[in-house]
Participant: 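Quick one: the structure is below, and I'll ask about it shortly.
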Amino acid sequence: MSIVGTRVVRQEDQNLITAGGTYVDDLREEALSGAAHAVFVRSPIAHARIGGIDVSEAKAAPGVLGVFTAAELGLEPHAAGPVKEPWLADGVVRYVGEPVALVLTEERYQLADAAELVDVDYEPLDAVASIGAALADETLLYPGTGSNVVQVNGVAEFDESIFADCEVVVSQTIVNQRVAPAPLEVRGASCAWGEDGRLTVWLSTQNAQIARTQLAASLGVGEENVRVIAPDVGGGFGAKIGADPEATVLGWAAKEIGRPVRWVESRSENLTAMTHGRGQLNTVTIGGKRDGTVLAYRLDVIQDAGAYPRTLFLPTLTELMAVGVYRFPKVETRSRGVVTNTTPIAAYRGAGRPEATAAVERGMDVFAAKIGMDPAEVRRVNFIRPEEFPYRTPTGASYDTGEYAAALDKVLDAAGYAELRAEQKRRREAGDPVELGLGIAAYVEITGGDSGGESGRVDIHPDGSVVAWTGSSPHGQGLGTSLAMLLSDQLGVPLEKITVKHGDTDEVPKAVGTFGSRSLQLGGSAIRQAADEVIAQARELAADLLEAAPDDLELDAERGVWQVRGAPSSTVLSWAQVAETAGEGKLSADVWFGGGKPTFPFGAHLAVVEVDTETGKVDLRRIVAVDDAGPIVNPLTFRGQRHGGLGQGAAQALMEVVTYDEDGNPTTATLADYSFVTAVELPDFELVDMATPTDRNLLGVKGIGEAATIGSTPAVHNAVVDALSTRGVHHLDMPTTPIRVWEALEEAGKGSAR
């Protein structure tokens, strides 16, 4: 029986829940002996000119080893799209939390006192704290540019004629609010220069190799002179792709003072200075017939990039996935990226795709309400049909496989949709103050869409053990166990004899890493390819040992032995025996899997909420979900990824939001202010199985790391609006907090009274 497809407890967990992981702040490497401790002095003002920085008192404080500003760095600013971002603020600060100076001390406890002694003369400027203020262009973040709009994609002008044949046209503006990734482990880095002139950086990152490339370029050294090691990483969610600017400054400082440097941020720093996610304002226009057929779809995206546009690919992904699971005949999209005096926006679980799904799925509910049709039926009318795959969308995506109607039907059947609608009707007729709301979302997303490949290496040692190196980055997903399962199945080696290594650029020089739900389909395929090559090598060696033709040999993966085909009772060879005859003491294959194309997981979610119309409180009662990512390697890990995604997606719909006042001051700078979802707010998820394979990689799998997040947010959002729809509330911006619900009901009540 194959181990693939069975529930296997994650091998990583035993150490994590007993001894605990080894994160950047836990490192006690000899190379870090005598390390200085670092803290960044950060701007308390969103927009100001720096009149001067006096560091004299700070330098004289006990234990201070150095205080550095932009003037001392001498590093060229790094390009962030159309503008350049300084490593430390140079002349102007543009968001609260922007690093202005670096302080190094002998002991960690000395950092706070020393940092307070850095005297920065701020000359306040008007702040641009919202998308609306940015579009007004009354205050420019970058004088001389003429506008706060830093990127425009899509059509130059909208064509109103696409709606000419439509019987019904609806439009809705949707706020996809800014959220904080808030990983369990905040950012941290430790840096040390060796006697050989090489820099080693221990970094909490999703991509050691990308980080190495960035650091080498920033510091003006060759990549061969930088080693990046990612120890255990306590979550990334996209916000730890590569290396943030702080890591470059720390590397420079370690060389400047001639000793290692350690840094870990506080939770408040993480909430204000680590990149945020989402931050889009989307306007959806849908036109169609009263029978539910959509004829034309328009999506207008405005992306808040924050103060420095680090990742303006986000709105382009939103445009790419704009049509979702639907066959819309006419489509037009446009996106604009604007800068504001807020923390930069970057990738966060889903990165542009959740925003596309939230827009089209909310829009489909608005369209369904307008024509008086059940939202499930409107979706069925417009789904791309199975026989149309592979399907190229009007926005340029090439979908591989999909069974969108089947996914929705599975969810509705499992939930008892007809019975839920009947219960909703009974409650409304009885005047129950606790309204029942049902929300549907059907989604498709792109995974492994970066067009890169991944590295994989497999070594089999004379003791029969297997060591695999992956360019992917396991940091909480259970990927190591999944890769070991693939090898166990392919080679016939028990799990306990397989070790998976990753995250060290000296051991894995070429790699891409983990983002965009690419790891299993690309990293897993690389491991499969490497194992295939090892098997091919072993076949030749075993043939010599057994004095048989290579084509006559077979690997019995059940027992992990080589034998003559058709003669299982003949002499057999173990992997240990074969590996013992290999050169350099092991069988080895090092590959680059570059043949994979993007895959398109899909699914459907139904959310059931209860809304107390007297208090505004929303209770999420049920989420029933299909998340189809192809064949499943480990159902336990797969389920865990879905649970995490459902929780984060629901949290955005219900409570999570990063907010600023009109002066650009963050008002959600601690976990006392930023509402973070817990198990208390979540129901037991009802997961329905469905697996549609792809032909775009060696395993037939698609990504699952972000999928559940993408479907759950609009499902919960639609459910809340559905609950309020008969009380005059036809749209409500996320998050649907009690105060927002209550205020919307009050406003609707005033309107009906008039």
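What you are looking at is a predicted structure, and each value in this text was computed from that prediction instead of being measured.
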Participant: What are the two closest non-hydrogen atoms of T205 and G242, and how far apart are they?
Facilitator: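 For T205 versus G242, the nearest heavy atoms are OG1-O, 2.8 Å.
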Participant: Between T637 and Q477, does the side-chain contact (heavy atoms from CB on, under 4.5 Å) criterion hold? Intermediate values first, please.
Facilitator: CA-CA 7 Å; T637 300; Q477 318 94 313; 5.6 Å; no
Participant: Holding to salt bridge (Lys or Arg N to Asp or Glu O under 4.0 Å), I want the full list of residues that pass it with D374, two or more places apart in sequence or in another chain.
Facilitator: R421
Participant: Is a donor from one side chain sitting under 3.5 angstrom from an acceptor on the other, for D722 and Q424?
Facilitator: yes
Participant: Assess whether side-chain contact (heavy atoms from CB on, under 4.5 Å) is satisfied between L299 and V360, documenting all intermediate values.
Facilitator: CA-CA 8 Å; L299 176 62; V360 71; over 6 Å; no
Participant: If you take all heavy atoms of V301 and P315, which pair is closest and at what distance?
Facilitator: CG1-CB, 4.1 Å
Participant: Is the distance between the ring centroids of Y443 and F602 under 6.0 Å?
Facilitator: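 No.
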Participant: Checking T599 against T447 for the side-chain hydrogen bond (donor to acceptor under 3.5 Å, both in side chains) test, could you report, in this order, the C-alpha distance in whole Å, the side-chain angles of both residues, the deciding distance, and whether it holds?
Facilitator: CA-CA 5 Å; T599 64; T447 61; 2.6 Å; yes
Participant: Could you walk me through whether K330 and L295 pass side-chain contact (heavy atoms from CB on, under 4.5 Å), step by step?
Facilitator: CA-CA 6 Å; K330 298 177 182 179; L295 301 177; over 6 Å; no
Participant: State, without any angle test, whether T678 and E681 hold a side-chain donor-acceptor pair at a distance under 3.5 Å.
Facilitator: yes
Participant: Counting only N and O atoms by type, is there a donor-acceptor contact under 3.5 Å from the side chain of D619 to the main-chain atoms of R621?
Facilitator: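 Not a single qualifying donor-acceptor pair exists.
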Participant: Test the R518-F515 pair against the cation-pi criterion, namely NZ or CZ under 6.0 angstrom from the six-membered ring centroid and within 45° of the ring axis.
Facilitator: yes
Participant: Under 3.5 Å, is there a donor-acceptor pair between the side chain of E558 and the main chain of M1?
Facilitator: yes
Participant: Would you check, one step at a time, whether the test side-chain hydrogen bond (donor to acceptor under 3.5 Å, both in side chains) holds for T709 with Q648?
Facilitator: CA-CA 6 Å; T709 311; Q648 280 185 279; 4.9 Å; no
Participant: Show your working on side-chain hydrogen bond (donor to acceptor under 3.5 Å, both in side chains) between E454 and S525 and close with a plain yes or no.
Facilitator: CA-CA 8 Å; E454 195 52 271; S525 291; over 6 Å; no
Participant: Taking all non-hydrogen atoms of both residues, which atom of I440 and which atom of A376 are closest, and how far apart?
Facilitator: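 Shortest heavy-atom separation between I440 and A376 comes out as CD1-CB, 3.6 Å.
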Participant: Do you know which two heavy atoms are closest between V444 and M321, and how far apart they sit?
Facilitator: O-CE, 3.6 Å
Participant: Should the ring pair F389 and Y404 be called parallel, tilted or perpendicular, given that the plane angle runs from 0 to 90° and is split at 30 and 60?
Facilitator: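 Perpendicular, since the angle between the ring planes exceeds 60°.
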Participant: For Q206 and F237, work out which heavy atoms get closest and say how close.
Facilitator: OE1-N, 3.5 Å
Participant: Measuring from atom CD1 of I3 to atom OG of S488, what distance do you get when rounded to the nearest 0.5 angstrom?
Facilitator: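 These two atoms lie 4.5 Å from each other.
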Participant: Without hydrogens or angle criteria, can the side chains of E185 and S204 be said to hold a donor-acceptor pair below 3.5 Å?
Facilitator: yes
Participant: Nearest 0.5 angstrom please: Q529 CD to L699 CG, how far?
Facilitator: 11.0 Å
Participant: Drop me the distance from Q280's CD to I174's CD1, to the nearest 0.5 angstrom.
Facilitator: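 Result: 10.5 Å between the selected atoms.
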Participant: On the 0 to 90° scale, with breaks at 30° and 60°, tag the F685-H643 ring pair as parallel, tilted or perpendicular.
Facilitator: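 Because their plane-to-plane angle is over 60°, the rings of F685 and H643 count as perpendicular.
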Participant: Going by atom types only, do R362 and Q172 share a side-chain donor-acceptor pair under 3.5 Å?
Facilitator: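 Their side chains do not contain a donor-acceptor pair, so the 3.5 Å distance test is not met.
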Participant: Looking only at heavy atoms, which two atoms of T736 and V720 are closest? And how far apart?
Facilitator: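 Taking every non-hydrogen atom into account, OG1-CG2, 3.7 Å.
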Participant: Mind running side-chain contact (heavy atoms from CB on, under 4.5 Å) on E445 and S517 for me, showing each step along the way?
Facilitator: CA-CA 10 Å; E445 76 133 334; S517 300; 4.1 Å; yes
Participant: Please name all residues satisfying side chain to side chain donor-acceptor pair (under 3.5 Å) with H502, sequence neighbours left out, ordered by chain then number.
Facilitator: none
Participant: Does a donor on one side chain sit under 3.5 Å from an acceptor on the other, for R696 and S398?
Facilitator: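 Present: a donor and an acceptor within the cut-off.
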Participant: Does one side chain, of T694 or K597, offer a donor that lies under 3.5 Å from an acceptor on the other?
Facilitator: no
Participant: Take K702 and T401 through the test side-chain hydrogen bond (donor to acceptor under 3.5 Å, both in side chains) and record every step on the way to the result.
Facilitator: CA-CA 10 Å; K702 307 180 183 186; T401 56; 2.8 Å; yes
Participant: Compute the ring centroids of F367 and Y297, then answer whether they are less than 6.0 Å apart.
Facilitator: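 Ring centroids of F367 and Y297 are no less than 6.0 Å from each other.
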